[in-house]
Amino acid sequence: MNTKVPTSFNAAEDQFGRRLAARLSDGNQELSHDIGERLRVARAQAVAARKQAPQLRTAPEVVQSGHALTLGGGWWTRIGSVLPLIALVAGLITISVMQDDDRVSELAEVDSALLTGDLPPAAYTDPGFAQFLKADGASD
């Protein structure tokens, strides 16, 4: 059973607007007549523009499902909210697999260089052996 729960986002905005207009009007008596008239015209233009501007945002539909309130939208909204998470996980798995493959291929290159190289047995215990392999691989 889905019933719509009424929501009012504009009430707080209207109350804020009224308080702001009252605060601005309080200091209006101290201004000169010329400045007061310019402010009055600017307010009238702002109110006219506000009435003409279309509402860009809409409140999400809030539905009651059992004892919980949820945002409505059906299956497409749920699928749309899960797809970025699935794409992120798939990307992370792909990156991990590619890095593992790169590590394995680098180790295979080092092993093949060890097994096919013309080195004396004492070279295998030398600390600079990895540097020798890199330099030997670069000259080929």
- Note on the structure: Rounded to the nearest 0.5 Å, the OG1 atom of T94 sits from the CE atom of M98 at a distance of 8.0 Å
- Note on the structure: So salt bridge (Lys or Arg N to Asp or Glu O under 4.0 Å) across residues 81-99, not counting sequence neighbours, yields none
- Query: Who pairs with L39 by side chain to side chain contact (heavy atoms under 4.5 Å, CB included), at least two apart in sequence or on another chain?
  - Reply: N28, L31, I35
- Who passes side chain to side chain contact (heavy atoms under 4.5 Å, CB included) against L88, sequence neighbours left out? L92
- What pairs with R40 under side chain to side chain donor-acceptor pair (under 3.5 Å), at least two apart in sequence or on another chain? E37
Identify all side-chain donor-acceptor contacts of residues 103-116 below 3.5 Å with residues at least two apart in sequence or on another chain.
unit_1 : atom_1 : unit_2 : atom_2 : d
R103   : NH1    : D100   : OD1    : 2.9
S105   : OG     : D101   : O      : 3.4
S105   : OG     : D102   : O      : 2.9
S112   : OG     : A108   : O      : 3.2
S112   : OG     : E109   : O      : 2.9
T116   : OG1    : S112   : O      : 2.6

- Message: Using the salt bridge (charged side-chain N to carboxylate O under 4.0 Å, His left out) criterion, which residues pair with R43? Sequence neighbours excluded.
- Response: none
- Connected to V41, directly or through other members, by ILVMFWY side-chain contacts below 4.5 Å are none
- Which ILVMFWY residues are connected to I86, directly or by a chain of links, through side-chain heavy atoms under 4.5 Å apart? V82
